[in-house]
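Presented below is the structure to which this report refers.
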Protein chains: 2
Amino acid sequence: MNFFKKIFLNSRHIILYGLLLAILVFTLKWLQWKFLIVDNSLDIYIGLIAVFFTILGVWLATHLVKTKVKTVVVEKEVYVETSDENRINESELKKLNLSSREYEVLQLLAKGYSNADIAETLFVSISTVKSHVSNLFVKMDVKSRTQTLEKAKRLNII
Amino acid sequence: MNFFKKIFLNSRHIILYGLLLAILVFTLKWLQWKFLIVDNSLDIYIGLIAVFFTILGVWLATHLVKTKVKTVVVEKEVYVETSDENRINESELKKLNLSSREYEVLQLLAKGYSNADIAETLFVSISTVKSHVSNLFVKMDVKSRTQTLEKAKRLNII
DNA sequence: GACTGATTCATACTTTAGTATTAAAATGAG
DNA sequence: CTCATTTTAATACTAAAGTATGAATCAGTC
């Protein structure tokens, strides 16, 4: 259904043109019969046809030719929410699969704490901190605390 | 002078049309005289004229009438940093009075580079890097690279 | 109750970081 | 040219970080 409708809409100008042509031919035939047009009035006759079809051509062209669509892209400045930038990237954090204690250590690490500082803060031994830090390195695929901080800041997980 | 030139340029299509019309009329007159067109071939004759003038009209329209230009304004969202959060705090940086080399070292430090990495990057010995790092610590009033990074990020100097 | 993962801790060792001191060479301003 | 600063570098040392391994304890799951 939609298909035929589309065809009709696309070719309606052509159909209209055909109808007008038919009407003209009938009119001419009628005039020919009615007034018995003689040879010397042929020029006027042709002239009228010429004028008519020229106008028709112009009309056709203006209606058939697609209007050029000129797309002007206007840049609109949109201010980004600043708060989003500092928000923790939960998805990235989840990917790392850190334990709660490891994440605690990471946060203290980010504050510039040494292993001894972290041990003191969490009331555990330095050995324990070292274990957590080592596990952290493996999970985050880094080799030092500075690399850890760089990656953590980059992923927005602290 | 320019005025007439303008008129000519603007109406050259019309003039051309006139000329074509004249040529056609002459051609028709010639055909009329040459073959003594009879009444029953009049339909074909008119048909040819109709087709010709339709094409002429179309041609006229496409050349005379300004192409319809539909201007569509599309807004493109351009994200802009609102805050100064990511901008380097020049005043704080100036306060620290770091030498250019010290600042270079600081930036590499922030990327998680080890002393060896920095030495390799700057084409200097590890001893030199250690010197720069030590001077950096004194100037920034810190005791380790992690503290340096924490403070540098806090002061927005990297 | 056995299993798993998290947390805790220790020891021994290697590597890296950081301190202190000294000093040569380069750079740039007055 | 001189002076101050920066950049470079070395040596010797200490401190901290990081690795490897093993193991005990505990909480939650099947």
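Quick note on labels: first sequence line is chain A, next is B, and so on, each numbered from 1.
At the heavy-atom level, A:S131 lies under 4.0 Å from base atoms of the strands shown. Across all strands shown, B:S144 has heavy atoms under 4.0 Å from sugar-phosphate atoms exclusively, and none from any base. As judged by a 4.0 angstrom heavy-atom cut-off over every strand, A:S125 is placed among residues touching the sugar-phosphate backbone only.
Atom CZ in A:R154 sits 10.0 Å away from atom CD in A:Q147 (nearest 0.5 Å). Rounding to the nearest 0.5 Å places CG of B:N115 at 11.0 Å from CG of B:L108. Rounding to the nearest 0.5 Å places CZ of A:R101 at 12.5 Å from OG of A:S131.
In this structure, of D:dG18, C:dT8, D:dT8, it is D:dG18 that holds the atom nearest to the side chain of A:K130. Set against C:dC9, D:dT7, C:dA17, the side chain of B:R145 has C:dA17 as its closest nucleotide. Each of C:dT8, C:dA6, C:dG18 was ranked by its minimum atom distance to the side chain of A:R101; first place goes to C:dT8. Nearest to the side-chain atoms of B:T128 among the listed nucleotides D:dT8, C:dT19, C:dA6 stands D:dT8. The side chain of B:S114 has C:dT16 as its nearest neighbour among D:dA9, C:dT11, C:dT16. Comparing atom distances between the B:V133 side chain and each of D:dT7, C:dT8, C:dG18 picks out C:dG18 as nearest.
Looking at B:L136 and B:Y103, their side chains never come closer than 4.5 Å, going by heavy atoms from C-beta outward.
Projected onto DNA chain C by closest heavy-atom contact, B:T146 and A:S127 fall at different nucleotides, the more 5' of which corresponds to A:S127. Nucleotides of DNA chain D nearest to B:V124 and B:N97 differ in position, and the one nearer the 5' end is that of B:N97.
One interatomic measurement links the two molecules: CZ of B:F123 to P of D:dT8, which rounds to 12 Å at whole-angstrom precision. At whole-Å resolution of the value, CD in B:E120 and P in D:dA9 are 14 Å apart. When rounded to the nearest whole Å, the span between CZ of B:F137 and P of D:dA15 equals 17 Å. Residue A:Y113 contributes atom OH, which lies 18 Å from atom C1' of D:dA17 at whole-angstrom precision. Look at CG on B:L122: it is 14 Å from C1' on D:dT6, rounded to the nearest Å. As rounded to whole Å, 10 Å separates atom P of C:dA10 from atom CD1 of A:I126. Regarding A:E102, its CD atom lies at a distance of 8 Å from the C1' atom of C:dA6, rounded to whole Å. Distance B:N135 CG to C:dT22 C1': 14 Å, rounded to the nearest Å.
Considering B:Q107, B:K151, B:M140 in turn, B:M140 is the only one that fulfils the side chain to side chain contact (heavy atoms under 4.5 Å, CB included) rule with B:I157. Applying side chain to side chain contact (heavy atoms under 4.5 Å, CB included) to A:K130 and the options A:I126, A:T128, A:V133 leaves one that passes, A:I126.
Residue B:H132 places none of its side-chain N or O atoms closer than 4.0 Å to OP1 or OP2 of D:dT7. Distances shorter than 4.0 Å separate some side-chain N or O of B:N115 from OP1 or OP2 on C:dA17. For B:S134, a side-chain nitrogen or oxygen approaches OP1 or OP2 of C:dT19 to under 4.0 Å.
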